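Presented below is the structure to which this report refers.
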Amino acid sequence: MTSEERAKITDLKKCNFNEMAEYFKAQSEARKAMTKEDKLKIKAENERLLQEYGFCIMDNHKERIANFRIEPPGLFRGRGDHPKMGMLKRRIRPEDIIINCSKDSKHPKPPPGTKWKEVRHDNKVTWLVSWTENIQGSIKYIMLNPSSRIKGEKDWQKYETARNLKKCVERLRHQYREDWKSKEMKIRQRAVALYFIDKLALRAGNEKEEGESADTVGCCSLRVEHINLHAEKDGQEFVVEFDFLGKDSIRYYNKVPVEKRVFKNLQLFMENKQPEDDLFDRLNTSILNKHLQELMDGLTAKVFRTYNASITLQQQLKELTNPDENLPAKILSYNRANRAVAILCNHQRAAPKTFEKSMQNLQAKIDAKKDQLAEAKRDLKGAKADLKVRRDEKSKKALESKKKAVERVEEQLMKLEVQATDREENKQIALGTSKLNYLDPRISVAWCKKWGIPIEKIYNKTQREKFAWAIDMADEDFEF
DNA sequence: GTAGATACTTAGTACTGATAGT
DNA sequence: ACTATCAGTACTAAGTATCTAC
């Protein structure tokens, strides 16, 4: 709104947005009414654009670019209670764009009559294009697809660092437990924060500029108001109750029994503080990471999340996989192991809008299948009786086929029931994020090889491309 | 220590095309 | 052939981490 409009318009509820609603309705009608040929034409044009702009050559290899389309202008939403919600996101012009390529390469020319902001040749960074966005003033980048060499190697490295942590994690745990007793407040805070990061897989929690984005926190930026201490709760001693908004304003709520020493320390940290004061007032991510760097090469706070996620998957797979079960049951076990990690990392999603309905549909299918099974069993009984009376080859064959039918229906029923369990347990849990970013893919590849599960059951095409390095590398006895 | 800039990973959601079911 | 549903993808915001200059 202009400032005059802003003075005039005080309540959006009194505005009439029908014209806009009509416009979008018409757009969607038009899309629905498209003929097959129209759709094909659009598809072909998209493919052409992908071929022309979607690839680059890096180190003599043709690589797919992740986000080659520039972000269009629009109204900024942001997530959670964002102070900049509704601001206009400007259109990006050639004059905003920095191109990064090798000196001898032929890079895209700006549209006629325009100029790039800059063309540079920096081979120390991986981005191809950057521009500064007008909402937060941050830099945006165009980079390569996860299937690219450069991203794959980085990913591999990430998991190798996490595996290094595995080798020394017990030493570190011993160390921070000692530090709970330190004379220095700063060291105690560091040790308690690290305990949370390790035990609960919390994010590091960088400071954020107030008023620039939604009020969210991670471990180091927790405030007094985000925890509640209970000397005794639900029959457990020394319980810490967490309630705060984390990344993307996703709520973290958890009640955790902790060691007495941690509990006492927390009481100490909270003494004489207001709810809005920092819990760890002598600590930030940079202090924490500096300390971690001294304990292990390449160690930072987020490595704990990667490590704990991957080790949990490996351990859960060992625990949940039953060698005697069939393929769908094994895959349910995999999903459950994956789900344990997603819960640890607090990866949530809004329950799908159609969840209840789709659950009902599935239940109806299960009921129908049960009826079908009852019928098949009746038929089987009949066939048995027939055989007793007739004792001929034909009835013997009929009995066999009825037996098979019952088995088939039983298997179908079981598959449906497994599906229902899986879906119900997944209602508000998002598995994708941990699968893509936290779980060493070699664990999954090894598991598939060990139990003869086709890798396609676990990873779709895109995921197989991203994890090509792991599929190549891991054999069935890979240990994280 | 702090602030700002930079580069990269991690995150949830809306949309869309493919596929299963009728 | 048509529709409902679901998996996969595109999108881009929101984190982490590091470096530099004071």
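These numbers were taken from a predicted model, which means no experiment stands behind them. Proteins come first, then strands; the chains are lettered A, B, ... in the order of their sequence lines, and each starts at number 1.
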Query raised in the report: Once the angle between the rings of A/F242 and A/Y252 is folded into 0 to 90°, is it parallel (under 30°), tilted (30 to 60°) or perpendicular (over 60°)?
Result: perpendicular

Query raised in the report: According to the interplanar angle, ranging from 0 to 90°, do the rings of A/Y459 and A/F467 count as parallel (below 30°), tilted (30 to 60°) or perpendicular (above 60°)?
Result: tilted

**Report entry** Length of the OH-P vector between A/Y459 and C/dT9, whole Å
**Finding:** 15 Å

Query raised in the report: A/D297 has an atom CG; how far is it from atom P of C/dT18, in whole Å?
Result: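 So the CG-P distance, A/D297 to C/dT18, works out to 11 Å.
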
Query raised in the report: Is the closest basic N to carboxylate O distance between A/K158 and A/D440 below 4.0 Å?
Result: no

Requested in this report: Before accepting this row, confirm whether a basic side-chain N of the pair A/D122/A/R120 lies closer than 4.0 Å to the acidic partner's carboxylate O.
Outcome: no

Requested in this report: Give, ordered by number, those residues of residues 206-215 of chain A having at least one heavy-atom distance below 4.0 Å to an atom of DNA chain C; if nothing qualifies, reply none.
Outcome: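 Residues of residues 206-215 of chain A that come under 4.0 Å of DNA chain C are, in numerical order, A/N206, A/K208.
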
Query raised in the report: Under a 4.0 Å heavy-atom cut-off, which of residues 272-290 of chain A touch DNA chain C?
Result: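 Residues of residues 272-290 of chain A under 4.0 Å from DNA chain C: A/N289.
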
Query raised in the report: For DNA chain C, whose closest nucleotide is more 5', that of A/N67 or that of A/G205?
Result: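 The answer here is A/N67.
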
Query raised in the report: Between A/R203, A/K247, A/K208, A/R79, which is the residue that forms a side-chain hydrogen bond (donor to acceptor under 3.5 Å, both in side chains) with A/T216?
Result: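 Exactly one option meets the side-chain hydrogen bond (donor to acceptor under 3.5 Å, both in side chains) with A/T216, and it is A/K208.
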
Query raised in the report: Have A/T126 and A/Y141 got a donor and an acceptor in their side chains that come within less than 3.5 Å?
Result: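 Not at all, the side chains of A/T126 and A/Y141 share no donor-acceptor pair under 3.5 Å.
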
**Report entry** Under 3.5 Å side-chain donor-acceptor pair for A/N164 and A/K167
**Finding:** yes

**Report entry** A/E209 atom CD: more than 12 heavy-atom contacts under 6.0 Å
**Finding:** no

Gap between atom [atom2] of [Y] and atom [atom1] of [X] - 0.5 Å precision:
{"X": "A/S444", "Y": "A/I455", "atom1": "OG", "atom2": "CD1", "result": "7.0 Å"}
{"X": "A/E45", "Y": "A/I42", "atom1": "CD", "atom2": "CD1", "result": "9.5 Å"}
{"X": "A/I458", "Y": "A/W447", "atom1": "CD1", "atom2": "CH2", "result": "5.0 Å"}

Requested in this report: Produce a footprint string for nucleotides 14-22 of chain B: one letter per nucleotide, 5' end first; B if the base is under 4.0 Å from any protein heavy atom, S if only the sugar-phosphate is, - if neither.
Outcome: --S-S--S-

Query - Under 4.0 Å protein heavy-atom contact, by nucleotide of nucleotides 7-13 of chain B - B base, S sugar-phosphate only - result: BBSBBSS

Report task. Not counting sequence neighbours, which residues clear side-chain hydrogen bond (donor to acceptor under 3.5 Å, both in side chains) with A/E212? List them please. Result -> A/K84

Find every protein N or O atom lying less than 3.5 Å from an N or O atom of nucleotides 3-8 of chain C, and list the pairs.
| from | atom 1 | to | atom 2 | distance (Å) |
| --- | --- | --- | --- | --- |
| C/dT5 | OP1 | A/N361 | ND2 | 2.8 |
| C/dT5 | OP2 | A/K357 | NZ | 3.1 |
| C/dC6 | OP1 | A/R423 | NH1 | 3.2 |

